[in-house]
Amino acid sequence: MDILRGFKDILPQEMRKWQKLEKIARETLELFGYKEIRTPILEKTTLFSRGVGETTDIVEKEMYTFLDKSGESITLRPEGTAGAVRAYISNHLENYPFKKFYYIGPMFRYEKPQKGRLRQFHQIGIEVFGVQDPSVDAEVVYVDKIMLDKLGLTDLRIEVNNIGCPNCRPKYMKSLKNYFEKYREELCDDCKNRLNRNPLRILDCKNKTCRNIASNAPKIHEFVCDNCKTHYEAVKENLSKINVEFEENPHLVRGLDYYTKFVFEIITDKLGAQGTVSAGGRYDNLVEELGGKPTCGIGFASGCERLIELIDLGDNQSIDYYFACLEDYTTCLKLAKELADKLNKTTYIEYENRSLKSMMKKADKMNANFVVIYGKNEKEKGIVIVKDMKKSTQKEVKIEKFLENEVEKWQ
RNA sequence: GUGAGUAUAGCUCAGUUGGCAGAGCACCAGGUUGUGGCCCUGGGGGUCGUGGGUUCAAGUCCCACUACUCACCCCA
């Protein structure tokens with residue numbers, strides 16, 4: 001029986017990275033006042049088609065959409081923002097003191113799998129509602145960056161751009177279209193298509209010729225309205241003030257329609273073609289478009305699988321006590337229970353019927369600090385042998401005195 | 001959706017002009033009759049991705065299919 005294409009088991013060997021990732025993410029985000037929210041993995045299809053945008057690739061060809069038993073069209077969430085916004089509206093979270101949220105969970109997109117790209121993948125993301133002030137844009141970038149720093153990631157680059165709003169972007173799109181129309185014949189096939197559907201995307205094309213043409217294309221900064229312009233400039237100023245280094249990339253484009261004004265990406269060179277580790281921006285019209293009161297918003301999403309690839313666990317996995325049990329397991333279980341209860345130590349009781357030698361080997365492989373040996377001899381004498389694996393010393397301890405002895409050791 | 005590459009032990013991979021299925025690591029056991037790491041010896045594990053074809057003979061050559069990987073695309 002094979003696993004589904006683009007889906008992956010996360011095995012215990014890898015789990016420690018996930019636990020570290022989630023722990024650090026939670027700690028960092030909570031530190032800045034963000035509260036966790038968990039929204040359903042399934043939502044009505046219209047939430048995403050309206051939220052993410054009818055003509056986006058995600059909606060057009062990547063969603064897991066099907067009919068439930070009542071005939072309603074439902075979709076496995078392809079991203080987290082739409083669901084968070086829906087939850088914000090339907091739970092009236094505008095009346096809740098905290099307007100900063102974070103989520104961690106699986107997302108689904110029917111894409112061709114590749115390095116850093118799966119059909120079920122996980123994202124950590126944040127959303128802030130109702131704050132217009134450009135300093136919050138800077139906060140969001142900063143929080144993202146600091147989270148990645150704490151995960152020990154290096155060589156990351158932050159790119160930012162202004163993509164305008166529904167007032168000014170159409171003008172820019174029109175100008176872009178006119179410009180590229182002149183070079184229609186030279187553009188790659190994909191870009192010929194983009195010309196009609198979304199000329200913005202041509203800016204992002206990797207084809208050399210298209211790139212050359214795009215380098216002289218009109219710049220959005222010449223078209224954005226005063227509101228967008230002053231906002232964007234203020235965000236950059238704020239970022240500089242809090243010492244967040246960034247580069248402006250006028251060709252930075254988002255594939256989801258809800259973004260407005262300020263957008264950013266955090267990129268690594270270590271993951272090949274899928275180097276964007278984190279990305280986000282403003283979505284000032286999304287809440288209203290999904291039926292809520294006009295409320296602005298901003299957030300980011302990070303790709304967990306991509307982060308996991310970059311996380312390096314320095315130390316090895318270890319365990320405090322390995323119980324090499326040759327006689328009765330119950331006695332060992334009692335001792336292990338005491339260690340867990342009173343000393344908060346990790347234990348592993350060996351239930352496999354192995355030779356002592358093979359158990360010692362196994363303890364060594366598990367990187368055990370101590371081995372408790374309990375066999376026939378020990379049982380007769382009412383003791384256990386506690387061996388210090390690092391020092392290679394051991395001593396006999398009366399079973400009644402075991403806990404006392406260990407408490408002393410860890411003080 | 002498009003293109004290229006790959007598919008042999010749990011993992012990483014050798015396998016010559018077609019001629020008995022291999023190594024390293026991991027796992028298990030023994031050397032040490034109850035004590036880890038180093039070392040030595042032995043062992044278990046394979047429908048060579050699947051299905052056809054050519055041939056006395058196919059892991060090897062041919063065809064088809066499937067999966068995986070990378071890139072395009074898209075995005076986190």
Side-chain angles (χ1 to χ4, degrees), chain A residues 2-8 11 13 52 55-63 77-81 103-125 144 148 188-191 193-194 198 201 204-207 210 252-256 259 263-268 271-281 299-310 322 324-327 350 352 354-379 385-394:
Chain A
D2 293 327
I3 193 166
L4 244 26
R5 177 156 208 209
F7 286 67
K8 232 186 100 182
L11 302 174
Q13 301 92 291
V52 177
T55 62
T56 59
D57 275 33
I58 292 179
V59 171
E60 275 189 339
K61 42 194 190 194
E62 295 175 1
M63 293 204 304
R77 63 182 186 191
E79 57 97 53
T81 300
Y103 58 83
I104 301 178
M107 309 292 164
F108 304 83
R109 292 182 200 171
Y110 190 86
E111 294 189 90
K112 200 157 171 179
Q114 192 181 312
K115 192 184 186 74
R117 194 171 80 182
L118 291 164
R119 289 183 175 177
Q120 176 177 340
F121 61 104
H122 298 74
Q123 288 187 330
I124 294 173
D144 193 352
L148 303 180
C188 71
D189 290 348
D190 284 325
C191 283
N193 251 316
R194 292 176 177 129
N198 188 353
R201 298 253 182 93
D204 208 23
C205 185
K206 282 168 189 158
N207 179 290
C210 300
L252 186 65
V253 169
R254 306 274 67 229
L256 290 76
Y259 284 112
V263 296
F264 74 99
E265 282 192 8
I266 301 185
I267 303 161
T268 176
L271 292 180
Q274 315 297 331
T276 300
V277 134
S278 210
F300 74 73
S302 274
C304 294
E305 281 77 2
R306 293 179 188 181
L307 296 178
I308 290 289
E309 292 239 6
L310 300 173
Y322 176 93
C325 192
L326 298 146
E327 270 310 306
E350 185 57 71
E352 280 178 51
R354 292 162 157 257
S355 67
L356 183 57
K357 177 176 174 160
S358 91
M359 286 197 271
M360 294 305 291
K361 277 189 177 180
K362 193 166 167 184
D364 188 53
K365 284 195 179 106
M366 291 171 117
N367 204 7
N369 288 311
F370 296 95
V371 173
V372 178
I373 300 167
Y374 186 64
K376 203 171 163 192
N377 300 343
E378 290 75 20
K379 189 177 184 182
I385 292 173
V386 181
K387 175 158 184 173
D388 184 324
M389 295 295 274
K390 299 280 144 38
K391 292 183 190 158
S392 267
T393 57
Q394 65 181 49

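Within every chain, numbering begins at 1; the chains are lettered A, B, ... in the order of the sequence lines, protein sequences first and strands thereafter.
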Would you say the side chain of [Y] lies within less than 4.5 Å of the side chain of [X], judging by non-hydrogen atoms?
X: Arg119(A); Y: Tyr110(A); value: yes
X: Thr268(A); Y: Glu309(A); value: no
X: Arg201(A); Y: Cys191(A); value: no
X: Met389(A); Y: Met360(A); value: yes

Notebook entry, point to check: For the residue pair Phe264(A) and Phe300(A), does the interplanar ring angle fall in the parallel (under 30°), tilted (30 to 60°) or perpendicular (over 60°) class?
Noted result: perpendicular

Notebook entry, point to check: Is the backbone N or O of Pro106(A) less than 3.5 Å from a side-chain atom of Arg77(A), with the two atoms forming a donor-acceptor pair by type?
Noted result: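 Yes, the answer is positive, given that a donor and an acceptor are paired below the 3.5 Å cut-off.
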
Pick out the pairs of N or O atoms, protein on one side and nucleotides 28-31 of chain B on the other, that lie under 3.5 Å.
residue, atom, partner, partner atom, Å
rC28(B), OP1, Arg354(A), NH1, 3.4
rC28(B), OP1, Arg354(A), NH2, 2.6
rG31(B), N7, Lys357(A), NZ, 3.3

Taking atom [atom1] in both [N] and [M], compute the distance separating them and give it to the nearest angstrom.
N: rG18(B); M: rU55(B); atom1: C1'; answer: 9 Å
N: rG22(B); M: rG46(B); atom1: C1'; answer: 11 Å
N: rG34(B); M: rC20(B); atom1: P; answer: 45 Å
N: rU50(B); M: rG59(B); atom1: P; answer: 11 Å
N: rA21(B); M: rA64(B); atom1: C1'; answer: 26 Å
N: rU8(B); M: rA4(B); atom1: C1'; answer: 22 Å
N: rG24(B); M: rU6(B); atom1: P; answer: 26 Å
N: rG37(B); M: rU32(B); atom1: C1'; answer: 15 Å

Scan [X] against the nucleic acid and name what it touches under 4.0 Å (heavy atoms): base, sugar-phosphate only, or nothing.
X: Leu256(A); answer: sugar-phosphate
X: Ile385(A); answer: base
X: Glu265(A); answer: nothing
X: Ala301(A); answer: sugar-phosphate

Check: Is there a donor N/O on one and an acceptor N/O on the other, under 3.5 Å, for the side chain of Glu378(A) and the base of rG34(B)?
Finding: yes

Next item on the list: Could you provide the dot-bracket string of RNA chain B, using ( ) for intrastrand pairs, [ ] for crossing pairs and | for bases paired to another strand, with Watson-Crick or G-U pairs below 3.5 Å?
Entry: (((((((..((((.....[..)))).(((((.......))))).....(((((..]....))))))))))))....

Next item on the list: List the protein contact pattern of nucleotides 66-74 of chain B with one symbol per nucleotide (5' to 3'): B for base contact, S for sugar-phosphate-only contact, - for none; contact means a heavy-atom distance under 4.0 Å.
Entry: --S-SBBBB

Given atom [atom1] of [X] and atom [atom2] of [N], what is their separation to the nearest angstrom?
X: Glu305(A); N: rA76(B); atom1: CD; atom2: C1'; result: 9 Å
X: Leu356(A); N: rG36(B); atom1: CG; atom2: C1'; result: 10 Å
X: Lys387(A); N: rG34(B); atom1: NZ; atom2: P; result: 15 Å
X: Glu309(A); N: rA76(B); atom1: CD; atom2: P; result: 18 Å
X: Phe264(A); N: rA76(B); atom1: CZ; atom2: C1'; result: 11 Å
X: Tyr322(A); N: rU35(B); atom1: OH; atom2: P; result: 15 Å
X: Ile104(A); N: rA76(B); atom1: CD1; atom2: C1'; result: 14 Å
X: Gln394(A); N: rG34(B); atom1: CD; atom2: P; result: 15 Å

Checklist line | Contacts of Lys8(A) that satisfy side-chain contact (heavy atoms from CB on, under 4.5 Å) - sequence neighbours left out | finding: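 Residues passing side-chain contact (heavy atoms from CB on, under 4.5 Å) with Lys8(A): Glu14(A), Leu118(A).
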
Note to self: Please give me the minimum heavy-atom distance between Ala273(A) and Gln114(A), naming the atom from each residue.
What the structure shows: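 Taking Ala273(A) first and Gln114(A) second, the nearest heavy atoms are CB-NE2, 4.0 Å.
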
Margin query: Glu79(A) vs Arg109(A), test: salt bridge (charged side-chain N to carboxylate O under 4.0 Å, His left out). Steps then yes/no.
Written below: CA-CA 9 Å; Glu79(A) 57 97 53; Arg109(A) 292 182 200 171; 6.0 Å; no

Checklist line | Set of salt bridge (charged side-chain N to carboxylate O under 4.0 Å, His left out) partners for Glu111(A), sequence neighbours left out | finding: Arg117(A)

Next item on the list: Tell me, please, which residues at least two apart from Arg5(A) pass salt bridge (charged side-chain N to carboxylate O under 4.0 Å, His left out).
Entry: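 If we apply the salt bridge (charged side-chain N to carboxylate O under 4.0 Å, His left out) test to Arg5(A), skipping adjacent residues, there are no hits.
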
Check: Going from CG on Asn377(A) to CD on Glu327(A), what distance comes out if it is rounded to the nearest 0.5 angstrom?
Finding: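 One finds 9.0 Å between CG of Asn377(A) and CD of Glu327(A).
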
